[in-house]
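Here the structure is laid out as C-alpha cells; the discussion comes afterwards.
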Amino acid sequence: MERRTLRQLEVWLPEDHPIFRVPVEKRAEIARLLLSLSELFLDLLERVERLEKRVEKIEAKEEGAPEKQSGFSNRDKKNRVEIDPAAFLDI
C-alpha cells in the first residue's frame, strides 16, 4: 500500500491491554489484523440483527393468524344436506 492512501489512527489503551504482549515489531501488523476481523464481526452482527427482525415478523404473523379449523366451517354446515340413511337405502 502506498503511504498516500493510508491514514493514521492514534488509540490510547490501558497498559495491561493484550496487544502489548505482542512483540513491538509485530504489534502494528497484529493490530491491523484485529481491526480487519472486527470489521467482519460487525458485519456479521448487522446480518444477525436483520435476521432476528425477519424472524420476529414471521413469528408475529403466525401468532396473529387464525387457527385452521378442521372439518366444515359454519357456512358449510348451513348449506349441508342431511341424508337419511334409511330413506337412501329404500331407493
Side-chain angles (χ1 to χ4, degrees):
M1 280 185 262
E2 289 186 36
R3 203 159 184 74
R4 290 181 294 175
T5 61
L6 300 177
R7 295 182 66 185
Q8 187 172 355
L9 173 68
E10 184 176 348
V11 179
W12 290 88
L13 302 169
E15 61 184 37
D16 61 344
H17 191 278
I19 194 72
F20 296 119
R21 287 187 238 144
V22 177
V24 175
E25 61 276 1
K26 290 282 201 178
R27 199 172 291 159
E29 178 186 347
I30 298 299
R32 280 191 296 274
L33 174 66
L34 293 172
L35 286 170
S36 295
L37 289 174
S38 67
E39 182 181 11
L40 292 173
F41 179 74
L42 291 174
D43 181 52
L44 287 173
L45 280 179
E46 288 175 8
R47 290 175 180 220
V48 168
E49 287 174 1
R50 286 196 305 265
L51 285 172
E52 285 176 337
K53 287 178 184 175
R54 291 177 71 184
V55 168
E56 285 173 4
K57 285 182 182 179
I58 291 168
E59 288 176 341
K61 285 182 182 177
E62 287 178 357
E63 288 175 4
E67 292 183 29
K68 290 185 177 182
Q69 296 177 348
S70 60
F72 297 101
S73 70
N74 287 337
R75 192 185 80 192
D76 291 339
K77 288 179 184 175
K78 289 179 187 175
N79 297 328
R80 227 168 98 186
V81 176
E82 292 292 327
I83 297 175
D84 180 8
F88 181 78
L89 292 174
D90 285 340
I91 295 179

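These values consider heavy atoms only, across backbone and side chains, with no hydrogens, waters or symmetry-generated copies. For reference, positions follow the sequence shown, starting with 1. The structure presented is a predicted model; accordingly, all values stated were derived computationally and were not measured.
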Check whether more than 12 heavy atoms from other residues, nucleotides or ligands sit under 6.0 Å from atom CZ of F41, and answer yes or no. no

Heavy-atom closest pair (R27 atom, F20 atom, distance to 0.1 Å) is NH2-O, 3.5 Å

So NZ of K26 and CD1 of I19: to nearest 0.5 Å the spacing works out to 12.0 Å

Next on the checklist: Check for me, please, whether L37 and L42 land in the same ILVMFWY cluster - side-chain distances under 4.5 Å, paths through other members count.
Outcome noted: no

d(R50 CZ, R54 CZ) to nearest 0.5 Å is 9.5 Å

In this structure, CG of L51 is separated from CZ of R47 (nearest 0.5 Å) by 9.0 Å

Margin query: Is there a path of hydrophobic side-chain contacts, each under 4.5 Å between heavy atoms, that joins I30 and L9?
Written below: yes

Please say yes or no: joined through hydrophobic side-chain contacts below 4.5 Å, possibly via intermediate residues, are L35 and V24 part of one cluster? no

Practice task
Determine whether more than 12 heavy atoms belonging to other residues, nucleotides or ligands lie under 6.0 Å from atom CD of E25.
Solution key: yes

Exercise. Same cluster for L33 and L6 if Ile/Leu/Val/Met/Phe/Trp/Tyr side chains link at under 4.5 Å?
Worked result: no

- Could you please spell out the steps behind the salt bridge (charged side-chain N to carboxylate O under 4.0 Å, His left out) verdict for R32 and E29? CA-CA 5 Å; R32 280 191 296 274; E29 178 186 347; 5.9 Å; no

